[in-house]
Amino acid sequence: MGIPEDKLLWMYDTMFKSRYYEETMERVYMEGKSPFNIGAGLVPGEMHLSTGQEPAAAGICAHLTDEDTVMSPHRPHHHAIAKGVDLKRMTAEIFGKESGLGKGKGGHMHLFDPAVKFSCSGIVAAGMPQAVGTALAAKKRKSDAVSVAFIGEGATNAGAFHEALNMAALWKLPFIVVVEDNNYGISVPKDVATSVETNDVRSSAYGIAGEKVTNNDPIAMYEASERTVERARAGEGPTIIEIETYRYLGHFQGDPELYREDGEVEALRKKDPIAGLKQYVIDQGFVTESELDEREDVIKSEVDQAYQFARGSEYPVSEAALEDVFV
Ligand SMILES: Cc1ncc(C[n+]2csc(CCOP(=O)(O)OP(=O)(O)O)c2C)c(N)n1
Ligand SMILES: [Mg+2]
């Protein structure tokens with residue numbers, strides 16, 4: 001197994017940071033919302049958390065640089081963190097503060113950080129054609145940058161998914177789609193919505209490569225991503241990577257989750273990828289448990305500071321609603 005030690009530790013740190021960020025958001029989001037009122041509190045509006053889905057983001061972003069583009073959907077925090085989005089300004093954006101990435105106008109589903117070429121959208125599958133566009137730009141500029149669109153398995157049935165893949169395949173673009181199969185599109189299980197069992201096989205319809213990662217495995221995701229990014233950088237065209245992943249929380253915070261089977265989430269949590277990777281890096285002798293504790297403390301402090309920054313920032317003045325808009 002040839003994954004360099006520094007990459008494995010980066011993946012562990014990144015997955016841990018993402019988990020701690022989302023667990024903090026889970027608490028902060030409920031502040032001021034009792035009895036539950038989605039429009040009240042510090043973070044008004046819908047909130048889609050990615051707790052449990054960290055391997056998808058860390059496994060591929062381990063191979064990306066600031067020159068590569070990531071387009072993410074409505075569940076974007078783990079991708080943003082793995083791509084290196086400014087954590088303070090991202091959190092301020094989610095809080096609707098003027099120090100946010102979009103001056104507080106976009107919120108949690110519309111995070112945009114040009115410094116690391118990251119963007120997301122609440123419109124399902126919208127990132128597909130956008131990422132094909134940035135892949136085309138990279139090819140025209142003769143750079144070796146790649147473009148990654150993350151989408152959920154539910155979004156693979158949207159027209160934009162297929163239209164984008166057709167073009168990316170036709171033009172052999174450095175385009176990668178990572179399908180996060182968490183088995184649900186809101187409350188609808190995959191087997192009643194999707195005609196194929198796994199989405200990697202849809203690659204054959206476009207004559208491109210397909211990769212399937214099972215068991216939410218960060219190491220397998222790293223390896224599949226390594227092959228995929230190498231192919232894309234070498235001009236060998238697009239790939240669909242599907243990863244079987246687990247959403248521990250509701251579709252949105254406040255979701256009654258009536259569609260779940262009893263004990264479903266408890267069973268998923270027993271297979272936690274962060275606990276698994278932690279054991280692996282310790283067993284390999286890369287790091288001791290107490291060294292990992294120290295790394296985790298540093299990460300927690302960075303995340304806590306981001307939340308403090310967001311809390312301490314000002315709301316935009318009302319006149320700002322008329323700035324940066326098309327008239
Ligand atoms: C074009 C469009 N249609 C419908 C919605 C409403 N919607 C938001 S999330 C979602 C389901 C997405 O499921 P999936 O792609 O599996 O992503 P997950 O939520 O599981 O991460 C839907 C239908 C939307 N945001 N955009
Ligand atoms: Mg889904």
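Quick note: numbers below take in every heavy atom, side chains included, and nothing from hydrogens, waters or symmetry partners. Order of appearance sets the numbers: ligands from 1, and atoms from 1 within every ligand.
- The distance criterion of under 3.5 Å between nitrogen or oxygen atoms is met by Gly154 with respect to ligand 1.
- At a distance under 4.0 Å, a protein heavy atom can be found next to atom 24 (C) of ligand 1.
- Considering just the N/O/S atoms of Glu153, the one nearest the Mg ion (ligand 2) carries the name OE1.
- Looking at Gln53, His48, His74, it is His74 that brings a heavy atom closest to atom 19 (O) of ligand 1.
- Residue-to-ligand polar distances keep Ile123 apart from ligand 1: every N/O pair is separated by 3.5 Å or more.
- Closest to atom 5 (C) of ligand 1, if we only count protein heavy atoms, is Val124 CG2, 4.0 Å.
- Remark: minimum distance from atom 13 (O) of ligand 1 to any protein heavy atom is reached at Gly185 CA, 3.3 Å.
- Nearest non-hydrogen protein atom to atom 11 (C) of ligand 1 is Ile186 CG1, 3.6 Å.
- For Glu180, every N, O or S atom stays at 2.8 Å or more from the Mg ion (ligand 2).
- Ring geometry, His78 versus Phe150: the interplanar angle falls from 30° to 60°, so the pair is classed tilted.
- Between Tyr21 and Tyr307, the ring planes are tilted. Angles from 30° to 60° get that label.
- Those atoms of ligand 1 that come under 4.0 Å of a heavy atom in His251, given as number and element, are 9 (S), 19 (O).
- Residue contact annotation: Asn183 places no N/O/S atom under 2.8 Å from the Mg ion (ligand 2).
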Requested in this report: Let me see the working for Thr239 and Glu211 under side chain to side chain donor-acceptor pair (under 3.5 Å), right down to the final yes or no.
Outcome: CA-CA 7 Å; Thr239 302; Glu211 296 270 0; over 6 Å; no
Query raised in the report: What do the steps show when you test Tyr248 against Asp272 for side chain to side chain donor-acceptor pair (under 3.5 Å), and what is the final call?
Result: CA-CA 10 Å; Tyr248 293 166; Asp272 190 62; 2.6 Å; yes
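- In this structure, His162 and Tyr206 have tilted ring planes: the angle between them lies in the 30° to 60° band.
- Listed by atom number, the atoms of ligand 1 under 4.0 Å from Arg75 heavy atoms are 18 (P), 19 (O), 21 (O).
- Within the 6.0 Å centre-distance limit, the rings of Tyr184 and Tyr259 are counted as a close aromatic pair.
- At a 4.0 Å cut-off, at least one heavy atom of Asn182 sits close enough to ligand 1 to count as contact.
- By the 30° and 60° cut-offs, the orientation of the rings of His48 relative to His74 is perpendicular.
- If you check the side chains of Arg19 and Thr51, you find no donor sitting under 3.5 Å from an acceptor.
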**Report entry** Worked check of side chain to side chain donor-acceptor pair (under 3.5 Å) between Tyr20 and Asp304
**Finding:** CA-CA 9 Å; Tyr20 184 71; Asp304 291 343; 2.8 Å; yes
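- Short contacts between ligand 1 and Ala155, defined as distances under 4.0 Å to a heavy atom of the residue, involve ligand atoms 15 (O).
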